[in-house]
Each structure stands twice: as C-alpha cells, then as structure tokens.
2 protein chains.
Amino acid sequence: MSPFKAAQLSPKTRDALTAAQLYYLQDLTMDAIAHELHTSRSSVSRLLGHARETGLVEIQVRSPLDMPRQLEGDIRATFGVTAHVVPVPDQTSDVERLDRVALSAARILGGFVDSNMSLGVAWGSTMSALSRHLLAKPTHNATIVQLNGAANPRTTGILYASEILQRFGSAYGANVQQFPVPAVFDDPATKAALWRERSISRVVEMQKTLDAIVFGLGSPFAGVPSHVYIGGYLDDNDFAQLRATGVVGDIATVFYREDGSSDGIPLNDRSSGPSLDVLRGIARRVCVVSGESKLQTLRGALAAGLVTDLIVDSGTARQILAG
Amino acid sequence: MSPFKAAQLSPKTRDALTAAQLYYLQDLTMDAIAHELHTSRSSVSRLLGHARETGLVEIQVRSPLDMPRQLEGDIRATFGVTAHVVPVPDQTSDVERLDRVALSAARILGGFVDSNMSLGVAWGSTMSALSRHLLAKPTHNATIVQLNGAANPRTTGILYASEILQRFGSAYGANVQQFPVPAVFDDPATKAALWRERSISRVVEMQKTLDAIVFGLGSPFAGVPSHVYIGGYLDDNDFAQLRATGVVGDIATVFYREDGSSDGIPLNDRSSGPSLDVLRGIARRVCVVSGESKLQTLRGALAAGLVTDLIVDSGTARQILAG
DNA sequence: AAACCCGATGCACAAACGTGCAAGGAGACC
DNA sequence: GGTCTCCTTGCACGTTTGTGCATCGGGTTT
C-alpha cells in the first residue's frame, strides 16, 4: 500500500507468520484463517508449509526432564557421546530407516548451526538424504566447507557433492566452500602437489579450524555398500588392501579399524579427507548412522573418539549397547 | 514386561512421546504410527492430543530475529514493556477476542514459569479463560499465590477463585496458596484485624516476595463491565465513589486512575489486593487484556508502571499506540 | 455377586487437510 | 505486441484427522 511504511519482510512471510500464529497458537482451522487473511484455504495450507520449511515454526518434542530417554542415557554412559535416538520400527527397510534418521538429523542439526560458524560437510547417501530434509535457519556469515573431494575416474563428482553442499548453503544462508579434488588420488605425490596450490590449501586450512562437522559413516564390506564403494572411487586392489588391513569404515574417505586405530592404512595417504587427528580437533562432530549393517563401522568410529553427537535409529542404538 | 526394568514413566506417556516424535519430527501419518504402536488410529490422535496438552510437544512461532513484529516493537518503544500481540480480526466479538487472547497468553505464560518460583494470580473473567487453556509444564517446588480475596456478600467466592487457582496448580505441579478473605471489606478495621492473623498474614507476606504475577484488568465503567463489578462486590455507594475519584480500572481489586495515580481512592484501603507499590516491587508483571473497552484501563495500568509484559489483541494494541 | 464407575478402545462419520492441476498474472526476452 | 517462463491462486478430489458413541475390562462399593 503506502510506500512510506517500508515492508521489512515480504508479505508472504508476514502472512505465513500470522497464519502460523493463528494455527499453532490459537488452534484455528485453516478455513478460519483463510477467511481472516482473505485468501483460500489451500493457500493457507501452503503458507503453513512454508512457515514450517523456513523455520518460522519450531516444533520440539521434549521428554520430561527428570526422565531422559533410556537409550540415550545409556549411550552417553557407555560411550560418552550425546545421542539422539530416532524411533524406527524394527522391520523397517534400510532405505526408509535411512530416510527417517536423516529427516530427524536435519531438524536436530538446525539446533547446532549458528551465525559466524563454519560447518564441515561430508557426502554420501546419508548426507544426501539429510540435505534434502534441511529446515531453513537464516544465519549471518556462516560457512559450509566440503570435507573431502568427490571426483572419481568416471565423473568429477562436482554435481553430486555440490548439490548437497548447496542445499546446506541455502538452508542456512551460508557461504559454500567447494573442494574440487578427487576423493582418492591415484598418486600420493599428486595430492601433495595439489595441497601446495593456494586455491586448494585455503580449503584444507579451513578444514582444520571448523566449529562443527556432520558426516555419515561409510562401510566398505557391509550388506549395503556405501556410495563411496560402488561409485568407482576404489579399484579391486584398493578393496583388497582395505580388507587386508582390517578396515571397517570411513569418515570422508578416511579409513579406520574396529578398534579405532588408523595407522598403517596406505589408502589414507591418498585420500582427500582430513586426517582423523584433524577431525578430533573439531569441537562438535555430528555422526548420522542408520541400519545394523553399520554396526561395526559405528563401533569403530566411537572407539576412535571421532563422534561427539550421535544421531541413530533405535534398532542400531540398542544393538550397539548390546554388543 | 520384566519387573526388573523399572518403568520410569507411564506407558501412556511413553507412547505419547514416541507418537509425538513420529508425528511431529518424522511427519508420519497417524495411521502409520498406529501401526507401529499396535493400536488404532484414533488412539494415536488422542495420544497426540495428550502430548500437546501435557507439554510433551512444544510449538513455537518465531518471527525472524532481524525483524521483530511491528506493533510489538512500537509498544516497547512507547511504553517500555515487552508486548505479545495476538492477531485477531477487527470485527471479532468481545467474548471470542477474550478467549483467543487468553489462549495465547496461556501458552506464553508457560515460558515464564519455572521451578522454585512463586507466581501471583488474580481472578476475573480473563484469568478464568486463561486458566482453562493452560498447558502443563511440570516444575518442582513452585507456588501459586492468590492475589486478592474473592468473597462477597453473596458467596464465599472460594469455589470460583479456587477453580482458577487449582488449574494453575495442576498445570505446573505447584502448591496453591488460597486467600480466603472478602474481595473488598466493609470495614477497614476488619481488614487490619485479619491481616494480623498469622494464617492470613502468611499469605500477605508471600505476596510481597513473588517472582511474577499474572492478571487481567478490571474496568468499572466500560461497555462490558468486568466480573468484579457485577458480582455484587461493590454497592452503589462504592460505584459513585469510584466515578467521583476518576477511577478507570483495577488490578486485583486495587484501583487506579488513567494517569496512573492511585492516591486518595478510599476503596483501596478496604481492598484485599496488594497495594500498587507492592505490585511494582515484583520483577515480572504479566498483564492480559483484550477489547477496546479496556483501552482507558490499559492506559492507566501502563502509566502507573504496573506492567512489564503485556499480552494484548492486535486491535487494542493498535489503538493504544494511536491514542 | 451384583451394581457401579471410570478410563481406555475402536468404529464410523463428518470435518479438516494436502496436493495435482489448470487458469491467471507479472515480468523478461524477442 | 507477442510469447515464453515462472510464480501464485483456487478448485476438486482423495486422504488424513477429530470426536460422539457404544463397548469393554478392571477395580471399588454395596
């Protein structure tokens, strides 16, 4: 209307806000809201969807404080990590399990992200699913940093990895730092050379001072092999080597054993991911896992002290405690 | 099942918690949840209702931080109080307006209440509506204190006032301190005598050290007279006196003028409510108002510095700024 | 043992809701 | 001016959800 009263926020957001207020705080029906806002009920439905997507509405489920959830307490006691157990019925398929955990993880992650922070992000099927469920949370001056390269002999991987990164960036209104290198180098010397390039070393340096990281776990020999292992990133030789050295998993293409050790794994010298020591130097390390096929893998990551916050499905949570 | 694993929370609460998690955090349909919980869909619907009622689920609507809502900002700038403006369309009836404001107020109040605190509560139609919408929030060692008596020549008023108090008590799991005295004494000497009784003075003393209070505003001469003014608490003489001394409203049967002054109002000496000076000594003073008939009344309360947090409908908010 | 009360359950129906679709509008580009 | 694209809107439909009602089981009173 009047151009004098600057509309600080878009009319859409304004409406979404009122709608949310009326719907969630006053329990009006969408019909009633539509009437008040002079629009159609379906628009209100969409408006509310928008409000949820963009984080205008925040829904929390909080167990009574005096009774933290059983499994989560047990996990903290046993492994010293903060756990978020996502309830999933036992007979759920692995894909649905993954998706449900990723969905919850996306919501939880919103609570960790804040202005002026830098967040390291891995890639893989878990991260991909997670990125698709992110809720918007506008921040200032935050940075998203890719943890490891995604190129392989067949593709540059840029499309795949950057899709994930971009979703993080736009959800949080953050800068995105890509890392356009192969996931695993053929020749360690090439890696060393590239690491001396300023455009690359800049990112490598950023990785060392991250405030938080999010990652899934890769499991090379599990029933459902992870993205890394079927994407042509590794050849038969590499696989044999991994098996020979007792590897049970990886974080950002850096490999470790079930006891948490990672010394003497040659592949790590050729990997583009940050060394486990670098990872351990980061304050908050959020690990998202689902499915029993990752049990061993998860055990290793916990043993290696790579995790500070664990988001996991209830079945796997129970098993890791039982084991 | 096993008696060894102590069930810390009732199975109902446990189910409600999982259901809430699945519904609000994983966006499952109630049907799907019913299946997972081995019960009927309708039970899940009820379970979720229970979860909301009891505060297991918390829903917040948060305007983007960089743009606090217009009216609320204006009110803070003009009157120096934190405002919560409840959107209500202009042509809404007064009763519905009251109810919607009370509903929102009940939710907001939950954010102010905490363990170990004492909360003073008034009575009246606003407080009655508010009490009916309270959301449960379990706390330890909190106390609810009645601010002013409710007895009048016709009834003891205990039923009416205690109903309100009880709802507060059970919502927050708090002790309730009743105040079984007349709202307004016929003879000031009786009040003085009663105030020397230890059972009464105990409550009077508590009133002086409250952490917070909630109250509506009474408006003696407005189009819709408040509960106090039609309950037989005052006689014609009293009314005449109020009008003569320029009273525009009351908080817990203590009266004030539009400019905020309250000296030379004889009725106040006979009132059971805490003096305005006592009120002003309380850190958080939450005022719930709705409807333009309370405009003058609200103006007086603001002028008197009796309010720190204001919960008000949008129409009245606009008018108080316009005035 | 009968009678009673109370909370929990599922059914069935109406109300409320999400979403694919086609229509309308506002730029951007030719 | 045309037309192409992209976003928004309301409708219509199928799905999802709230709730009155009848039922049932367990505990208490008579």
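Below, read A as the first sequence line, B as the second, and so on, with proteins coming before strands; counting in each chain starts at 1.
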Q. Do any side-chain nitrogens or oxygens of Y23(B) fall under 4.0 Å of OP1 or OP2 in dT17(D)?
A. yes
(Q) If I take atom CG in residue L47(B) and atom C1' in nucleotide dT19(D), what distance separates them, rounded to the nearest angstrom? (A) 16 Å
Q.
So, OP1 or OP2 of dG10(D): does either fall under 4.0 Å of a side-chain N or O from S42(A)?
A. no
Q: Decide yes or no, distance alone: a donor-acceptor N/O pair under 3.5 angstrom between the base of dG18(D) and the side-chain of R41(B).
A: yes
Q: Whole angstrom is fine here: how far is it from CG in L22(A) over to C1' in dA16(C)?
A: 16 Å
(Q) I need the CG-C1' distance between D31(B) and dG10(C), as an integer number of Å. (A) 13 Å
Q.
Without decimals, in angstroms, what is the distance between M30(A) CE and dG18(D) P?
A. 11 Å
Q: Find the distance L28(A):CG to dA15(C):P and express it as a whole number of Å.
A: 18 Å
Q) Between R76(B) and E72(B), is a salt bridge (Lys or Arg N to Asp or Glu O under 4.0 Å) present by the stated rule, with each step listed? A) CA-CA 6 Å; R76(B) 159 156 293 283; E72(B) 297 178 353; over 6 Å; no
Q) Which of these nucleotides, dC21(C), dC21(D), dG18(D), is closest to any side-chain atom of R52(B)? A) dG18(D)
Q: Could you state the atom-to-atom distance from NE2 of H38(A) to C1' of dG10(D) in whole Å?
A: 17 Å
Q. Within the side chain of S131(A), is there an N or O that forms a donor-acceptor pair under 3.5 Å with the backbone of S128(A)?
A. yes
Q: Report yes if at least one side-chain N or O of S40(A) is closer than 4.0 Å to OP1 or OP2 of dT9(D); otherwise report no.
A: no
Q) If you look at every strand shown and take non-hydrogen atoms under 4.0 Å, does T29(B) touch a base, only sugar-phosphate, or nothing? A) sugar-phosphate
Q) Within the structure shown, what part of the strands sits under 4.0 Å from S43(A) by heavy-atom distance: base, sugar-phosphate, or nothing? A) sugar-phosphate
Q) Does T39(B) place a side-chain N or O at less than 4.0 Å from the phosphate oxygens OP1/OP2 of dG10(C)? A) yes
Q.
Rounding to an integer number of Å, can you tell me how far H35(A) NE2 sits from dA16(C) C1'?
A. 17 Å
Q.
As a quick check of understanding, evaluate salt bridge (Lys or Arg N to Asp or Glu O under 4.0 Å) for D94(A) and K294(A), giving each step before the final call.
A. CA-CA 11 Å; D94(A) 275 337; K294(A) 299 240 170 122; over 6 Å; no
Q) Should T143(A) and Q177(A) count as side-chain neighbours, where that means a heavy-atom distance under 4.5 Å? A) yes
Q. S162(B) side chain to L165(B) main-chain N or O, any donor-acceptor pair under 3.5 Å?
A. no
Q) Could you state the CG-C1' distance from L37(B) to dG10(C), rounded to the nearest angstrom? A) 15 Å
